[in-house]
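Below is one structure, written out as structure tokens; the observations come after it.
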Amino acid sequence: MTDTPLLILGAAFSDEERARLETAHAAIFAGSPDEVASLPEASRATVKAITFKGHNPLNGDVMDLLLNLGVIANYGVGYDAINVEDASARGIKVTNTPDVLNDDVADIAVGMMIAQSRNMVAADALVRSGKWAAGESLPLNRKMSGSSVGIVGLGRIGRDIADRLAAFKMDIHYHARSEKETQGWTYHADVVSLASAVDYLVIALVGGKETEKYVSRDAIAALGPHGVIVNISRGSTIDEEALIEALANGTIAGAGLDVFNDEPKIDERFYALETAVLQPHQGSGTVETRRAMAELQLANVSAHLSGTDLLTPVN
Ligand code: 8YV
């Protein structure tokens, strides 16, 4: 029996990422948590660590198939797919990849704000189609610099977004569980109050049960007809049905969305919503950042296998 301490779990790993992990450790692969049961029992018994990527739920029933599992190293800052309570109950550590992706996720939030407010997707189509050359034009846009923004969730990524928007001379408001030390940004104890005070609402919450539909139908309505919603967190953090309705009815001006429920098979009504800029969950998707995430994930596995402190534990 070969010693196989690592289980690479998730079809989302690229060939390059898999190759790097397989060079570092003897490894086996499963495309999804459901596939773990079909691995030979002898291989499962050797697994001490998992590198996990993707958004398929990973619960205690899968952990119970891996009797020597000590760590689940997530590829991503958000670990809502992993049942951390189940892991803790079994003495299994969970790690994530915080901070290394903050810049990219903040960049794409700001990018979607500009793309939405300046109607860049429709403008690109106007030029490409030859309609601009033929004399057609689009209505004037709305100015983003100098307007107001509400950040929902002032964690590390939320702060990086706010810092960027401060350079756009925007009036910055935020909501978090409690008031934080800031550069004079305005705190709101609830999301409805925040939404009613701003032009842009940017969601930078963690995912999971506690934040499900945190941005409610009422909050979306409070934003008003000139308001724009940007979401770089998880589709679950907003009432998606209410969001689709608000975009379809024009009760908000638009949205910039990098995350959805049921990715990548998202609600098809989004396809027809022209005031929304839609991205394929690519907030952290640069060569540099994805490499840094992969390295941090691998460093956590190596730390566990060599008995040293984990770099970025979450439990
Ligand atoms: C994904 C993310 O992890 O870090 C997060 O929480 O959402 C992303 O970086 C990445 O797309 C892999 O699934």
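Just follow the structure's listing: the first ligand is 1, and inside any ligand the first atom is 1. Position 1 is the first residue of the sequence; numbering continues from there.
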Quiz item: Is it the side chain, the backbone, both or neither of Arg234 that has a heavy atom closer than 4.0 Å to ligand 1?
Solution: side chain
Quiz item: Which of parallel (below 30°), tilted (30 to 60°) and perpendicular (above 60°) describes Tyr174 and Trp185?
Solution: perpendicular
Quiz item: For ligand 1, which atoms have a heavy atom of Ser284 less than 4.0 angstrom away?
Solution: 8 (C), 9 (O)
Quiz item: Which is it for Arg290 and ligand 1 at heavy atoms under 4.0 Å: side chain, backbone, both or neither?
Solution: side chain
Quiz prompt | Atoms of ligand 1, numbered as shown, that sit under 4.0 Å from any heavy atom of His281 | solution = 2 (C), 7 (O), 8 (C)
Exercise. For His55, take its heavy atoms, then give the atoms of ligand 1 lying under 4.0 Å from any of them.
Key: 13 (O)
Self-check item: Residue Asn249 excluded, over 12 heavy atoms near CG under 6.0 Å
Solution: yes
Quiz item: Below 6.0 angstrom between ring centroids: does that apply to Phe52 and Tyr75?
Solution: no
Exercise. Report yes if Met293 has an N/O atom closer than 3.5 Å to an N/O atom of ligand 1; otherwise report no.
Key: no
Quiz item: Is there a nitrogen or oxygen of Tyr75 sitting under 3.5 Å from a nitrogen or oxygen of ligand 1?
Solution: yes
Quiz item: Salt bridge between Arg269 and Glu241, side-chain N to carboxylate O under 4.0 Å?
Solution: yes
Quiz prompt | Distance-only side-chain donor-acceptor flag, Asn141 / Ser117, under 3.5 Å | solution = no
Practice problem: Could you tell me whether Arg20 and Glu16 have a side-chain N and a carboxylate O separated by less than 4.0 Å? | Solution: yes
Quiz item: Quick one: which ligand 1 atoms are inside 4.0 Å of a heavy atom on Val77?
Solution: 4 (O), 5 (C), 6 (O)
Quiz item: Just heavy atoms, cut-off under 4.0 Å: does Leu101 contact ligand 1 by side chain, backbone, both, or neither?
Solution: side chain
Quiz item: Just which atoms of ligand 1 are under 4.0 Å from any heavy atom in Gly76?
Solution: 3 (O), 4 (O), 5 (C)
Practice problem: Consider only side-chain N and O atoms of Ser148 and Asp199, and report whether a donor and an acceptor are under 3.5 Å apart. | Solution: yes
